[in-house]
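In listed order, ligands and their atoms are each counted from 1. These numbers were taken from a predicted model, which means no experiment stands behind them.
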Amino acid sequence: MSLDLPIHVYANFTVATMVPRGSDSLGLIPAGAVVVQGNRIEWVGALSDLPLDYRTAERLEGRGRVLTPGLIDCHTHLVFGGQRIEDWRKRLEGVSYQEIARAGGGILSTVRATREASAEALYEAAADRLKRMLAGGVTTIEIKTGYGLDLENELKQLQVIQRLARQSPANVIPTLLAAHAVPPEYRERPGDYVDLVCNEIIPAAAPHCVAVDAFCESIAFDLAQTERVLRTGLEYGKQIKLHAEQLSRLGGARLAARLGAVSVDHLEYLDEAGVRELAAAGTVAVLLPGAYYFLRETQRPPVDQLRAHGVPLAVATDFNPGSSPLGSLLLAANMAATLFGLTPGEALQGITIEAARALQLDSSLGSLQSGKRADLVCWDCTHPLELIYGIGAYPNAAVIKDGRLVAGQLS
Ligand code: NIG
Ligand code: FE
């Protein structure tokens, strides 16, 4: 801590610290204060307990408004070319996601559009999406590749993600998802594509990504192929995570948990044995209700079992053009409560502290505690659950990243 950095006191806010206390899952402090020095949180508590040292510091008056940690979207595919309106129209007429994928549409149609797009065009489109998400309170976002599916285009996507990380105030976490689908040129020999991923793409991408992900599913990669990809990710020192049990039960979540995955994501078809393995491994379950909703799925993830076994539950948008063109993390949280049965408090934890855990960033992000990064959102409302309760109707947000106002207004 450097003593000459300016100190700001956020005073008289309804502070949702997201540090649970007993039955209070939000860790609420009604007339609360948060002291920020530079880019760090120095002190959090009731305004009446504010230490003398801070009483003369510059104050930002909350007048009862809500203050939360910056929101964290721990699973997105934000960088892509084109859109998938045609897929959506077909699905509304009864064609399934899997049928569209097997006919060469689905993910592969976005691969065609992404390969054709310049890095500049991909950047412009993704930067616009990111700017809107930041204005909605998202200060940390994970972004996956997975629409390049060859060395050149996976690296092109990673470069775009890294440019977003440099140019946006948001904290951007890059994940390599080269094992998202078998590209058309390897259609008859998927094993050769897995070789390419393990022997060339992961080694080249490793310096530019934090994690390696894969899609374990009948329309993507089987268990053995998934295991090779994840083990290679580990060899290169990367975190691993997995799209698992979304459309069927292949056992990917158990495999990933055994390998030490930080998270497994989707999980609609997870069974209780799988839930136990996640609990034993401390792997976070990332729920993606946007994809469940948009694909009109009916199998819900086993939330009661996950909760009963103490598996941490995070929630994310899965923002992508095919299964979840969802740009609102607050709407994802609403859906996690309404469609999957999370309590509203769990849903808000899912997009803050539990999402931080899914990215292994919970020691520095996800809650309002002294020592953490000063990523805060001041919301123009008086109860934090108004954020989850609204459906596309959200209070204005003033977004503070590392102590600096980066979107909205603080007045
Ligand atoms: O998380 N499940 C696989 N991948 C994405 C969908 C990508 C796409 O359809 O373009 C998902 O839902
Ligand atoms: Fe996804």
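The residue Phe80 has no part lying near ligand 1, judged by heavy-atom distances below 4.0 Å. Under 4.0 Å from ligand 1, not a single heavy atom of Glu217 appears.
At a threshold of 4.0 Å, the pair Asp128-Arg132 counts as salt-bridged, since one of the basic side-chain nitrogens sits closer than that to a carboxylate oxygen. Salt bridge present: Lys144 and Glu142 bring a charged side-chain N and a carboxylate O closer than 4.0 Å. Between Arg102 and Glu99, none of the side-chain N atoms (NZ, or NE/NH1/NH2) sits under 4.0 Å from a carboxylate O, so this pair counts as no salt bridge.
Note on ring orientation: taking the six-membered ring where Trp is involved, the planes of His266 and His75 are perpendicular (angle over 60°, cut-offs 30° and 60°). Ring planes of Tyr54 and Trp43: tilted class, angle from 30 to 60°. Using bins of under 30°, 30° to 60° and over 60° for the plane-to-plane angle, the ring pair His8/Tyr10 lands in the perpendicular bin.
In this structure, atom 12 (O) of ligand 1 lies nearest to the protein heavy atom Ser323 OG, 2.5 Å. The nearest protein atom to atom 9 (O) of ligand 1, hydrogens excluded, is given as Tyr97 OH, 2.5 Å; this is a heavy-atom distance. Ranking protein heavy atoms by distance to atom 4 (N) of ligand 1, first place goes to His180 NE2, 2.8 Å. Of the protein's non-hydrogen atoms, Tyr147 OH, 2.7 Å is the one closest to atom 10 (O) of ligand 1. Nearest non-hydrogen protein atom to atom 11 (C) of ligand 1 is Asp318 OD2, 3.1 Å.
Applying the 6.0 Å contact sphere to CZ of Arg231 captures no more than 12 heavy atoms from other residues, nucleotides or ligands. In the displayed structure, Tyr394 atom OH is contacted under 6.0 Å by more than 12 heavy atoms of other residues, nucleotides or ligands. Atom OH of Tyr293 is surrounded by 12 or fewer heavy atoms from other residues, nucleotides or ligands within 6.0 Å.
For ligand 1, the atoms lying closer than 4.0 Å to a non-hydrogen atom of Ile107 are 7 (C), 8 (C), 9 (O), 10 (O). Ligand-side atoms of ligand 1 in range of His75: 1 (O), range being under 4.0 angstrom from any heavy atom. Every atom of ligand 1 with a heavy atom of Arg84 under 4.0 Å away is listed here by number and element: 8 (C), 9 (O), 10 (O). Of all atoms in ligand 1, listed by their number and element, those nearer than 4.0 Å to a heavy atom of Phe215 are 2 (N), 3 (C). Taking a cut-off of under 4.0 Å to the non-hydrogen atoms of His266, the atoms of ligand 1 that pass are 1 (O), 2 (N), 11 (C), 12 (O).
Of the possible donor and acceptor atoms, none in the side chain of Arg59 sits under 3.5 Å from a partner among the backbone N and O of Ala11. Not a single donor-acceptor pair under 3.5 Å links the side chain of Glu354 to the backbone N or O of Leu313.
The shortest N or O to N or O distance between Gln246 and ligand 1 is under 3.5 Å.
Legend: protein N/O/S atoms lying under 2.8 Å from the Fe ion (ligand 2), waters omitted, number 4.
Of the residues Phe221, Tyr147, Tyr193, the one that meets the ring-ring contact (aromatic ring centres under 6.0 Å, His included) test with His180 is Tyr147.
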